[in-house]
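Nothing here was measured: the structure is a model prediction, and the numbers come from that model.
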Amino acid sequence: MGHAAELLGVRQAFLRSLDAAKLLTPQRSNGGHRRYSRYQLRIAARAHELVTAGTPLEAACRIIILEDQLAEARRINTELQQRHGGLPDTSPNSQHVTRRTDTAPPVGVERGQHLRYN
């Protein structure tokens, strides 16, 4: 663990906290030492980046999990598109999209006014 902490520029206690938070579960050597994969080191580096920026550890762990899930979903999406020859073009200029432009805007919104989401 000392070498991993040194590589990342973090304290060993930080890596232990990631293990305690169940973000990382490193393998153990015969002597009981934690052994981190390259992937786990990248995750630890991202967690350190978020925590250093002021994000609480629990929130940083959740952000990292969501980022990982999004990356996996995008990978699967790309794989499926390649396997099935891509999806129909749904861009605004495509013939596959039927758009009604004569519909009224939502109540309280003038036509052409942009909605703001907070």
Engineer: Pairs in or reaching into residues 20-31: which pass salt bridge (Lys or Arg N to Asp or Glu O under 4.0 Å), with residues at least two apart or in two chains?
Structural biologist: Asp19-Arg28
Engineer: State the CZ-CG distance between Arg62 and Leu57, to the nearest 0.5 angstrom.
Structural biologist: 14.0 Å
Engineer: State the NE2-CZ distance between His3 and Arg35, to the nearest 0.5 angstrom.
Structural biologist: 10.5 Å
Engineer: Using 0.5 Å steps for rounding, measure from the CG atom of Leu50 to the SG atom of Cys61.
Structural biologist: 9.5 Å
Engineer: Going by the rule salt bridge (Lys or Arg N to Asp or Glu O under 4.0 Å), which residues pair with Glu58 if we only count those two or more places apart in sequence or in a different chain?
Structural biologist: none
Engineer: Could you tell me which residues satisfy side chain to side chain donor-acceptor pair (under 3.5 Å) with Arg16, sequence neighbours excluded, listed by chain and number?
Structural biologist: Gln12
Engineer: Partners of Ala59 by side-chain contact (heavy atoms from CB on, under 4.5 Å), sequence neighbours excluded?
Structural biologist: Thr55, Pro56
Engineer: Quick test of your reading: applying salt bridge (Lys or Arg N to Asp or Glu O under 4.0 Å), list the pairs with at least one residue in residues 45-54, sequence neighbours left out, ordered by first then second residue.
Structural biologist: Arg46-Glu49, Arg46-Glu67
Engineer: Please identify each residue that fulfils side chain to side chain donor-acceptor pair (under 3.5 Å) with Arg75, with sequence neighbours left out.
Structural biologist: Glu72, Glu79
Engineer: Return the CD1 to CG distance between Ile63 and Leu23, rounded to the nearest 0.5 Å.
Structural biologist: 11.5 Å
Engineer: Say you draw a straight line from OG1 of Thr25 to CZ of Arg34; how long is it, rounded to the nearest 0.5 Å?
Structural biologist: 10.0 Å
Engineer: Before you tell me yes or no, could you show the steps for Leu8 and Leu15 under side-chain contact (heavy atoms from CB on, under 4.5 Å), namely the whole-Å CA-CA distance, both residues' side-chain angles and the distance that decides it to 0.1 Å?
Structural biologist: CA-CA 10 Å; Leu8 297 173; Leu15 292 176; 4.0 Å; yes
Engineer: Measuring from Arg42:CZ to Gln40:CD, what's the distance to the nearest 0.5 Å?
Structural biologist: 10.5 Å
Engineer: If you look only at pairs with a residue in residues 7-63, which of them pass as a ring pair (Phe, Tyr, Trp, His ring centres under 6.0 Å), with sequence neighbours excluded?
Structural biologist: Phe14-His48
